[in-house]
*Asks:* 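If you scroll down you'll find the structure; I have some questions about it.
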Number of protein chains: 2
Amino acid sequence: MLTFIALSDPTRRRIVELLAEGERSAGELGECFDISAPAISQHLKVLKEAHLVQVRAEAQRRIYALDPTGLEELEDWVHRIRGFWSERLDVLEKRLVANPEKKKRRPT
Amino acid sequence: MLTFIALSDPTRRRIVELLAEGERSAGELGECFDISAPAISQHLKVLKEAHLVQVRAEAQRRIYALDPTGLEELEDWVHRIRGFWSERLDVLEKRLVANPEKKKRRPT
DNA sequence: CTGCTATTTAAGTCCGGACCTAATTAAGCG
DNA sequence: CGCTTAATTAGGTCCGGACTTAAATAGCAG
């Protein structure tokens with residue numbers, strides 16, 4: 001699950017947000033931040049490995065664009081978790097409404 | 001955005017997955033891992049601060065359960081990004097279908 | 001070929017975070 | 001009250017990751 005690691009960094013998250021607006025070259029992305037070009041390049045590498053961005057060469061420029069794969073994986077994970085949770089919510093809600101004060105001890 | 005940082009760790013991700021199946025005490029969670037109880041406690045603290053889990057006291061036990069807040073925030077972020085991307089996808093798809101081999105140079 | 005632009009790779013520093021053990025708090029129970 | 005159980009806080013180690021500067025690669029233009 002490289003997706004979460006990739007997005008845990010604010011700079012990388014910002015890059016993804018920028019690319020959501022449209023593709024950009026590595027240099028153009030770099031201009032949006034106060035860090036060195038190598039730093040940006042490393043961030044892009046991480047995002048690429050997490051399948052969050054794609055690269056395309058155009059002359060000397062590397063044009064970066066969003067890759068839907070990583071986002072889908074992320075969304076799937078969240079839905080899987082929320083799916084379970086929703087089922088339990090139904091039960092929980094009913095119980096809360098039925099007996100709001102009761103505290104139950106559950107055996108190990 | 002504490003959500004991504006919290007979920008970037010595999011142990012914490014696993015904890016969330018376990019809690020998706022149902023609430024558990026800190027001790028019960030700890031039994032699922034090969035790390036010390038303090039380590040688990042620290043992980044739970046991070047998850048709590050990211051609003052991914054909730055705590056409820058029951059005698060000496062602390063019962064942990066999923067908190068929907070963090071997951072919603074996560075889902076919102078993904079949707080925001082994918083929203084932009086989907087718009088662009090429409091254009092892209094049409095273009096790909098129209099001329100699959102052509103490579104275009106696009107002005108900035 | 002030389003040089004210029006765009007970007008990545010290499011090498012090294014530094015800080016935060018994941019872990020441990022030991023000590024602390026807190027709640028039953030005899 | 002002492003003892004046990006459950007969990008957290010304290011203090012300290014260690015490794016990975018986000019930077020940096022310097023060097024390498026790659027494409028285009030004269």
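In what follows, every chain begins at residue 1, and chains take the letters A, B, ... in the order their sequences are listed.
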*Asks:* Give me the residues of residues 2-12 of chain B where at least one heavy atom lies under 4.0 Å from an atom of DNA chain D, by number, or none.
*Replies:* none
*Asks:* Any side-chain N or O of B:Y64 less than 4.0 Å from the OP1 or OP2 oxygen of D:dA6?
*Replies:* no
*Asks:* By nearest heavy atom, map B:K45 and A:I35 onto DNA chain D; which one lands nearer the 5' end?
*Replies:* B:K45
*Asks:* Measure the distance from CG on B:D34 to C1' on C:dC20 and round it to the nearest whole Å.
*Replies:* 14 Å
*Asks:* Please report the distance, rounded to the nearest Å, between CZ in A:F33 and C1' in C:dT7.
*Replies:* 16 Å
*Asks:* Calculate the interatomic distance between B:Q42 atom CD and D:dT8 atom C1'; express it in whole Å.
*Replies:* 9 Å
*Asks:* Per the side chain to side chain contact (heavy atoms under 4.5 Å, CB included) rule, which among B:K45, B:H43, B:K48 passes with B:V53?
*Replies:* B:K48
*Asks:* Does A:S25 make a side-chain N or O approach to OP1 or OP2 of C:dT7 shorter than 4.0 Å?
*Replies:* yes
*Asks:* For A:I63 and C:dA6, what is the distance between atoms CD1 and P respectively, to the nearest whole Å?
*Replies:* 12 Å
*Asks:* One pair to check against side-chain contact (heavy atoms from CB on, under 4.5 Å): A:R56 and A:R62. What are the steps and the verdict?
*Replies:* CA-CA 6 Å; A:R56 159 172 59 94; A:R62 305 293 179 98; over 6 Å; no
*Asks:* Using modelled atom types only, decide if a donor and an acceptor are shared between the side chain of A:E72 and the backbone of A:T69 within a distance under 3.5 Å.
*Replies:* no
*Asks:* Under the salt bridge (Lys or Arg N to Asp or Glu O under 4.0 Å) rule, what do B:R61 and B:E58 come out as? Steps first, then yes or no, please.
*Replies:* CA-CA 5 Å; B:R61 301 226 180 96; B:E58 192 162 301; 5.8 Å; no
*Asks:* Run the salt bridge (Lys or Arg N to Asp or Glu O under 4.0 Å) test against A:R12 and tell me which residues pass, sequence neighbours left out.
*Replies:* none
*Asks:* State whether A:S36 places a side-chain N or O below 4.0 Å from either non-bridging phosphate oxygen (OP1 or OP2) of D:dT20.
*Replies:* yes
*Asks:* In whole Å, what is the span from the CZ atom of A:R61 to the P atom of D:dC28?
*Replies:* 12 Å
*Asks:* To the side chain of B:P38, which of C:dT7, C:dA22, D:dC19 is closest?
*Replies:* C:dA22
*Asks:* Which heavy atom of A:T11 sits nearest a heavy atom of A:I35, and at what distance?
*Replies:* CG2-CD1, 4.1 Å
*Asks:* Please give, in whole Å, the distance from D:dA18 C1' to A:L44 CG?
*Replies:* 14 Å
*Asks:* Are the side chains of A:L74 and A:F4 in touch, meaning some heavy atoms are under 4.5 Å apart?
*Replies:* yes
*Asks:* Let's see if you can work this out: which of D:dC28, C:dG28, C:dA18 has an atom nearest to the side-chain heavy atoms of B:H43?
*Replies:* C:dA18
*Asks:* Rounded to whole angstrom units, what separation is found between the CD atom of B:E49 and the P atom of C:dG17?
*Replies:* 11 Å
*Asks:* Nearest-Å distance, CD (B:Q60) to P (C:dA27)?
*Replies:* 9 Å
